[in-house]
Structures are given as structure tokens and as C-alpha cells.
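Here's the structure, in C-alpha cells; my notes come after.
Along the sequence shown, the residues carry numbers beginning at 1.
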Amino acid sequence: MLDEVALEASLRSGSGSNFGLASASAASAASSNPEDVCVPVIDLQSLQAADLLWQAASTLGFFVVTNHGVPQKCIDDAFNTSDDFFLNHTLEQKEAQSPFSAPNNAGYEFMKQVRPSTGLPDQKESLQVTARQGCMDGRWPNAPANLKPAVEALLEHSHALCSRLLNMLEPRAAPQLKPGTLANAHTLWADDGQCTLRMLHYPPIEGGKDKLAKLAEDGHWRAGPHTDWCNLTLLYQRAGESGLECAPNVRAAADTAWVAVDNVDGGIAVNVGDMLGRWSDGRLYSNLHRVRMPKPEEAHKGRRSVAFFMQADKKALIECSQHDAITAGDYILGRIKSNFDASKS
């Protein structure tokens with residue numbers, strides 16, 4: 001089992017120190033940001049941006065960027081079409097419009113993703129768009145009609161932003177690489193592309209506080225604790241819809257509370273993924289994160305987000321000093337197998 005998956009699985013057994021899942025109730029799981037740990041907000045127009053990115057990516061593994069260049073209209077269009085798809089169609093209609101394909105990692109899913117950390121499905125529905133040639137054939141929803149162009153536009157801007165961030169991090173993260181190697185390893189809509197955009201909706205808890213208490217008692221999360229498999233993740237959030245939390249650096253501060261990663265006006269949350277942790281020989285930190293269950297007063301509210309995963313093309317070769325070289329395609333296949341084995345155990 002890969003180290004990253006073993007860490008997630010340890011949370012389920014309670015052997016993960018303070019990250020054990022003794023309770024998933026909002027009261028016990030929610031954190032008030034400890035004074036010594038916070039998620040940095042980095043202005044990409046600042047002269048210190050590269051240094052601040054490095055500090056954040058090599059310690060907490062989470063940060064928020066502002067002045068990032070992604071048009072607000074592009075973000076709003078994606079959320080509006082996401083709302084239309086999730087809220088104005090029945091489960092059967094959504095499944096028919098975008099049938100999920102496991103080999104393509106594309107399509108619609110309803111409460112199907114099981115985390116090694118919980119052994120239970122996340123309390124969410126999602127529309128997964130994998131930007132590889134042919135993956136979305138027969139899986140683009142026909143309603144709303146503007147969903148496809150809205151997604152394609154956000155994919156382009158997200159890819160450009162991640163390329164910019166990788167170029168800023170690469171000199172210190174992977175000094176053995178030719179400049180531009182990391183960014184150039186990601187191609188949208190190529191025949192071996194693996195970048196993905198995922199629209200997410202965490203529904204309100206039907207049944208109110210009693211149902212919420214039962215779900216929490218049974219160990220459910222809106223999204224169980226996990227690390228991401230990619231190089232970088234962008235997470236677009238909406239004001240007033242909290243719940244995302246990241247762990248502190250578990251290797252350095254295992255006794256520190258989880259930290260809220262709330263929406264910042266004009267900001268995009270970013271986290272380092274396992275692939276970049278490997279490519280950087282551990283210089284950059286792929287951190288655990290989760291979406292907690294809502295507090296009782298939030299049970300009637302849903303949560304929406306849009307995630308973009310900057311995942312290298314299948315043929316890209318991940319070379320570093322601590323591990324054998326592996327293609328990005330084989331790396332992802334290994335993660336899928338380890339995740340499946342851990343979730344079933």
C-alpha cells in the first residue's frame with residue numbers, strides 16, 4: 001500500500017494520532033483556527049509571491065491565491081451551470097445525461113466515492129470532467145446547454161493558473177528538472193491527458209438535526225479526510241458555505257487542530273497533491289483535508305464547490321531521487337488500486 005493511502009487508512013483505525021475518526025460530528029470535528037496555524041493568503045502580484053508560495057507549499061501544503069487571473073465571470077458561470085444541473089434535475093435524469101465511466105474517470109456520481117479514512121461514501125454528488133480525448137463523449141449533460149462551454153472555459157483558465165504556479169515552485173521543488181518540465185507535463189484534451197475538473201454539490205441534510213446526528217454517529221463526512229493524487233488542486237468556493245479543513249503538517253505538528261480553509265473574497269484555495277510531493281522528493285507537502293459535516297444550524301444548507309486537478313499526462317515520467325521513475329499514468333493506476341484495497345479492508 002502506498003504511504004499516502006496508509007496514512008488515510010490509519011485514520012479509520014484510529015492509529016493516526018489526533019487525526020483518528022472517533023467522531024464525525026460537527027461539534028467535535030470543526031476547528032477554530034489555532035493561533036499558530038493559518039492558511040496563507042498570497043497575492044500573486046506581490047514581489048514576494050514566489051517565496052511565500054514556497055513557504056506555504058513546503059509546510060502546510062495549503063494556501064489561497066489572489067490576483068490570480070481567472071475571471072470572476074468564468075467562475076460564476078461554472079457555478080451557475082453546476083447549480084442548474086444538480087438542483088433542477090432528478091437523480092435519474094443526471095445519471096442518464098452523464099453516465100459515469102470508471103475507465104475514463106468521467107461522468108456523474110451520487111454518494112459513490114469511498115475514502116480509505118472512513119470506509120463510507122462521501123455525502124456528495126459530483127460531475128467529473130476528465131480533459132482527455134474521447135472521455136466526455138456521451139457524457140456532456142445536454143441541460144443546461146451552456147454547461148459545456150462554461151466548464152471548458154474554467155478548465156483553460158485553471159490549467160493556465162496551475163502552470164504559472166508550477167513554474168514558480170519548480171526551481172526549488174525539483175531543481176533536477178529542465179525549466180518548464182512540470183507545467184509542460186499537463187495537456188488538456190490530449191489522448192493521454194489526465195487533468196480533471198469536478199463540480200461538487202453537498203446536499204442539505206434531509207431530516208434535519210436528528211438525521212445529521214445519526215450520520216455523524218455512524219462516521220459519515222461530507223468528504224472524508226484524504227490527500228489528492230495530482231500535482232496541484234484548485235478549489236473554487238462560495239461565500240457562506242464553509243466546511244473545508246486541512247490538517248497541520250502531520251510530520252511536524254501532530255497535536256495541532258485541523259484548520260478551516262474558508263472562502264476568501266477574490267481568492268482560490270490551492271493545495272499540493274501527492275504527485276508533486278513525489279516529484280519534489282518530499283520538498284513540497286501534500287496535506288490531508290476533509291469537508292466536515294455541517295453544524296446543526298447549517299443542516300438545511302448545501303455546499304457547492306468546483307475543483308480542478310492538475311494531473312500530469314499518462315506518458316509523463318516522474319523522476320526523483322527517492323523513488324524509481326514511474327509514468328504519471330502508472331502512478332495514478334497504483335493510487336486507484338491502493339485506494340480500492342484500503343477501502344475494502
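- Here the side chains of I318 and H323 are not in contact, with every heavy-atom distance at 4.5 Å or above.
- Looking at heavy atoms from C-beta onward, F308 lies in side-chain contact with C195 at the 4.5 angstrom threshold.
- Clustering ILVMFWY residues whenever any of their side-chain heavy atoms sit less than 4.5 angstrom apart, transitively, puts F62 in the very cluster that holds V264.
- Remark: side-chain polar atoms of T59 are paired, donor with acceptor, to backbone N or O of Q55 under 3.5 angstrom.
- One side chain, H289 or H226, offers a donor N or O that lies under 3.5 Å from an acceptor on the other.
- Under the 3.5 Å distance criterion, the side-chain polar atoms of R132 are left unmatched by any main-chain donor or acceptor of D192.
- One hydrophobic cluster, built from ILVMFWY side chains closer than 4.5 Å, holds both L91 and F86.
- When each of L52, V65, L60 is tested with P40 by the rule side chain to side chain contact (heavy atoms under 4.5 Å, CB included), just one qualifies, namely L60.
- Within 6.0 Å of atom CD in E206, 12 or fewer heavy atoms from other residues, nucleotides or ligands are found, so the atom counts as exposed in its surroundings.
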Task: side chain to side chain contact (heavy atoms under 4.5 Å, CB included) evaluation trace for K124 with V291 - done: CA-CA 10 Å; K124 69 172 189 277; V291 179; over 6 Å; no
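- No hydrogens or angles considered: a donor-acceptor pair under 3.5 Å links the side chains of T187 and D313.
- Judged by the 6.0 Å and 45° rule, R290 forms a cation-pi pair with W258.
- Between D122 and M111 the shortest side-chain heavy-atom distance does not fall below 4.5 Å.
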- [ ] For R303 and L244, run side chain to side chain contact (heavy atoms under 4.5 Å, CB included): C-alpha distance rounded to whole Å, both residues' side-chain angles, the deciding distance at 0.1 Å, then the answer.
- [x] CA-CA 10 Å; R303 171 181 161 84; L244 177 65; 3.7 Å; yes
Open item on the list: Would L44 and R164 count as a side chain to side chain contact (heavy atoms under 4.5 Å, CB included) here? Give the steps.
Closed with: CA-CA 10 Å; L44 291 183; R164 178 183 177 189; 3.5 Å; yes
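- Of the charged side-chain nitrogens involved, none lies within less than 4.0 Å of a carboxylate oxygen, so that R278 and D274 do not count as a salt-bridged pair.
- For the residue pair Q128 and R198, a side-chain donor N or O sits within less than 3.5 Å of a side-chain acceptor on the partner.
- No donor-acceptor pair closer than 3.5 Å links the side chain of H159 to the backbone N or O of L155.
- No donor-acceptor pair closer than 3.5 Å links the side chain of S101 to the backbone N or O of N105.
- Of the possible polar contacts, one joining the N231 side chain to the L276 backbone as a donor-acceptor pair under 3.5 Å is found.
- Q194 places a side-chain N or O within donor-acceptor distance of the main-chain N or O of A312, the cut-off being under 3.5 Å.
- D76 has a carboxylate O that lies under 4.0 Å from a charged side-chain N of R238, or vice versa, which qualifies the two as a salt bridge.
- In this structure, a donor-acceptor pair under 3.5 Å is present between the side chains of E125 and Y108.
- For D330, the side chain to side chain donor-acceptor pair (under 3.5 Å) partners at least two apart in sequence or on another chain are T327.
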TODO: Check the pair E152 / V129 against side chain to side chain contact (heavy atoms under 4.5 Å, CB included), numbers first and verdict last.
DONE: CA-CA 9 Å; E152 289 175 332; V129 176; over 6 Å; no
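- A salt bridge does not link K214 to D210: none of the charged side-chain nitrogens sits closer than 4.0 Å to a carboxylate oxygen.
- The closest donor-acceptor contact from the side chain of E170 to the backbone of G180 lies under 3.5 Å.
- Remark: side-chain polar atoms of S280 are paired, donor with acceptor, to backbone N or O of G277 under 3.5 angstrom.
- A salt bridge links R304 with E241; the closest basic N to acidic carboxylate O contact falls under 4.0 Å.
- F100 and F110 end up in different hydrophobic clusters when Ile, Leu, Val, Met, Phe, Trp and Tyr side chains are linked at under 4.5 Å.
- Applying the salt bridge (Lys or Arg N to Asp or Glu O under 4.0 Å) rule to pairs touching residues 260-270 yields nothing, sequence neighbours excluded.
- L169 and F309 fall into different hydrophobic clusters, where Ile, Leu, Val, Met, Phe, Trp and Tyr residues are linked whenever their side-chain heavy atoms come under 4.5 Å apart, directly or through other members.
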